[in-house]
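Notes follow once the structure below has been shown.
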Amino acid sequence: MSVLPPLPDPHALTMLALTAVALILFSIERLQLAVTSLGLLTIIALTFALFPYPNVDPMMFFRGFAHEALIAVCALMTLGQGLVKTGALEPVGRVLGELWSRLPALSLLLTLVVGALLSAFVNNTPIVVLLLPILISVCLRTNKSPSKILIPMGFATLVGGMATTIGTSTNLLVVGIAKDLGIAEFDMFSFALPAVIAGSIALIYLWLVAPLLLPNRETALDVDSPRLFAARLLLRESSAATGMTVAEARALADSDVHIRRILREDTVLMPLPDVVLRAGDRLRLLDTPANLHAVATAMGGELYASSNSKDDQPVSEANPLSPGEQRLAELAIVQGSSLDGTSLAENQFIQRHRLVALALHRKGQNLWRANERLKDLTLQTGDVLLVQGHNDALRAIKQSTELLLLDHTITLPRTDKAVPALVITTVAILLAATGILPIAIAAVAGTGLMLLTQCLTLGAAVRAISPAIYFVVAASLALGMALQATGATAYLTDLFLYTTDGASPAVILSALMLLLAVLTNVVSNNAAAVIGTPIAVGIAQQLQLPAEAFILAVLFGANMSYATPMAYKTNLLVMNAGNYSFIDFVKVGVPLTLLMWAVLSWLLAVLYVW
């Protein structure tokens, strides 16, 4: 094609402009993807309702909520959450933990291979949740830096997810849209050959090269973090706080110090705001040393180094504050956690878990200074909390599967529902792999069995479905419908062919894959896949070549979420747990993207074009 294609009609131009705006909004971190996606869907429907277009019903844009691909994505996320909640993958983690102690030289390679294999059949989020504490535990025990191995592990799960139709939500979307466009349906292993070949090369890179590109960076627990100390504040007749209510005493101290109990003679009182303090009261406190001394000075009380009344030695250089059995730990917020999308205050974190949050680690930034408003921050998947609490409370967290505890122990939670959850997930995958049931039906049936056998509660199943993914997929499908119905997709196809005029089919295929690889690292990978798939089909039809090759170019390109931490949700989890910076992902992810692009371009050309 040597002639620049003419501009399409106003409706198509409007949809193209809306696409550009949507892609920009998707790339802005501070905007919630779910809200942006719902707004996009609303604008599309309103546009065609107010300005009708031939053969376009505005209600058609809501069909994405019932699309087979979206149903399968949600059901598979729920199955993966069932594996996490029940500890069904604990044997895999235990074996890997033992291998790290016996074969340290090959352990990283084995971990990468296991992560990639599991991610071909299960959403990679539970795989990352499984492997993170194992790798951090090994590093803490051997005094090695986790930053050398966490990014390679995270990328290995992304590479493995490219091998089957159920490996990622992107795969399901591309395959589903291709089916809607009349292309023969892909089987579960239709594109496993090129994915396995390219993935094997990628794993060697992640094993041998990637650790050399990453710095030795300390984990958050290794830095100078604030500590909380238990103490006892004795009020006397002359104390300024005597006769005040708890609320007035807090205001006097100008502090949000954590008063755990009030001991009055032989009675234990809860520190309710209207409780009047008396002489002789002993306030059990928990805070940083600086805050404790400031509160003691303001209230006019005498500070003791223990909350135990038998300890009668005031705080001094000879009798300093001590944390006792309190210790620091890191808790990662994972998808499906009750903390995801809420705050510590709303979740009643202290009361539920008997832990105090000291700081928040988000998107490569350490916020280690005490922040009295930390409890009001809305938490999100990938956040890492620095907490302090008693060993018993931390052990309870370790076994609850509610949060991901990053510590020096390899022990993983496991429940009596682990075997049923593993059997249900395996059967669902086998039914889909053999073609006995469609993927969506097999996954939904598996989710139903998870609920019936109480492997999952209804609340846990609902939380497993990421609102961001749900609404992004639905809105992207609507946008794809609008682009196709108005002829905007055909225009983009002609424009792409005009740009690549004179190039060989192999070069055009490669250019399409590279375009999607760039898009997926700056916008939603699902949005890029939905827009790219119809263009791939149009290119193949105009070139009279097999559509499968160009569809797979979109699929593989949209899965190359390596170059930025925002490209995929597990990247953020790995980023915070490993204390990485943005540039660390660029240094490892860009070469991996170029490597995968070159290998897959050659493989697709050999298998489908030449």
Side-chain angles (χ1 to χ4, degrees), residues 19 22-23 26 67 69-70 73 158-159 161-186 190-195 198-199 472-473 476-477 479-481 483-484 488-497 499-500 503 505-543 545-563 567-568 593 596-605 607-609:
T19 300
L23 294 179
F26 283 150
H67 196 280
L70 181 55
V73 168
L158 294 177
V159 168
M162 299 169 67
T164 66
T165 54
I166 65 171
T168 67
S169 59
T170 304
N171 297 2
L172 286 165
L173 271 178
V174 171
V175 170
I177 295 170
K179 180 182 177 182
D180 294 341
L181 295 173
I183 306 302
E185 188 173 359
F186 289 89
S190 292
F191 44 87
L193 178 61
V472 165
V473 170
S476 299
L477 287 168
L479 183 59
M481 292 179 196
L483 291 171
Q484 289 178 254
T489 300
Y491 172 74
L492 290 175
T493 302
D494 291 341
L495 191 62
F496 185 86
L497 290 173
T499 305
T500 57
V507 171
I508 295 174
L509 182 147
S510 180
L512 179 64
M513 189 188 304
L514 183 60
L515 175 63
L516 268 294
V518 172
L519 279 177
T520 198
N521 281 283
V522 294
V523 301
S524 164
N525 53 345
N526 290 325
V530 169
I531 295 170
T533 304
I535 295 175
V537 173
I539 292 172
Q541 290 173 345
Q542 290 205 31
L543 295 178
L545 290 170
E548 289 82 358
F550 294 89
I551 292 171
L552 291 181
V554 170
L555 185 149
F556 290 140
N559 270 295
M560 296 181 192
S561 307
Y562 316 129
Y568 204 77
T593 300
M596 293 290 284
W597 166 64
V599 174
L600 286 168
S601 294
W602 179 77
L603 286 171
L604 291 182
L607 294 174
Y608 294 97
V609 178

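By convention here, the first residue in the shown sequence is residue 1. Values below: all heavy atoms of this structure, side chains included; hydrogens, waters and symmetry mates excluded.
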Once salt bridge (Lys or Arg N to Asp or Glu O under 4.0 Å) is applied, what residue pairs with a partner in residues 505-532 remain, sequence neighbours excluded? none
Nearest heavy-atom neighbours spanning Pro534 and Thr493: O-OG1, 4.5 Å
In Å and rounded to the nearest 0.5 Å, what is the OG1 to CD1 distance from Thr499 to Ile508? 10.5 Å
Show the numbers, then the answer: is there a side chain to side chain contact (heavy atoms under 4.5 Å, CB included) between Phe26 and Val522? CA-CA 8 Å; Phe26 283 150; Val522 294; over 6 Å; no
Could you list the residues that satisfy side chain to side chain contact (heavy atoms under 4.5 Å, CB included) with Val507, not counting sequence neighbours? Ala503, Ser504
Could you tell me the separation between the CE atom of Met596 and the CG atom of Leu603, rounded to the nearest 0.5 Å? 9.5 Å
Do you know which two heavy atoms are closest between Leu519 and Ala528, and how far apart they sit? CB-CB, 4.1 Å
Is there a side chain to side chain contact (heavy atoms under 4.5 Å, CB included) between Leu479 and Val530 once you walk through the steps? CA-CA 8 Å; Leu479 183 59; Val530 169; 5.9 Å; no
Between Gln484 and Leu181, what is the shortest heavy-atom contact and its length? NE2-CD2, 2.9 Å
Which atom pair, heavy atoms only, marks the closest approach of Leu512 to Phe496? N-CZ, 3.6 Å
CG on Asp494 to CD1 on Ile535, rounded to 0.5 Å: 10.5 Å
Note: Leu604 and Met513 closest approach over all heavy atoms is CD1-CE, 3.6 Å
Not counting sequence neighbours, which residues clear ring pair (Phe, Tyr, Trp, His ring centres under 6.0 Å) with Phe550? List them please. none
Are Leu607 and Pro194 side-chain neighbours, meaning at least one heavy-atom pair lies under 4.5 Å? yes
Between His67 and Leu477, what is the shortest heavy-atom contact and its length? CB-CD1, 3.7 Å
For Ser510, check side chain to side chain contact (heavy atoms under 4.5 Å, CB included) against everything at least two apart and list the hits. Trp597, Ser601
How long is the gap from NZ on Lys179 to CD1 on Ile551, to the nearest 0.5 Å? 13.5 Å
Listed partners of Glu548 passing side chain to side chain contact (heavy atoms under 4.5 Å, CB included), at least two apart: Ile183, Phe186, Pro546, Tyr608
The reported gap from OG1 in Thr533 to CG in Leu555 (rounded to nearest 0.5 angstrom) is 8.0 Å
Scan the side chains in residues 170-178 for donor-acceptor partners under 3.5 Å anywhere in the protein, sequence neighbours excluded, and list what turns up.
unit_1, atom_1, unit_2, atom_2, d
Thr170, OG1, Asn525, ND2, 3.2
Thr170, OG1, Asn526, OD1, 3.2
Asn171, OD1, Thr168, OG1, 2.9
Asn171, OD1, Asn559, ND2, 2.6
Asn171, ND2, Gly161, O, 2.8
Asn171, ND2, Thr164, O, 2.6

Okay, side chain of Thr520, backbone of Leu516: is any donor-acceptor separation there less than 3.5 Å? no
Interatomic distance, CG@Asn521 vs OG1@Thr593, rounded to 0.5 Å, equals 5.5 Å
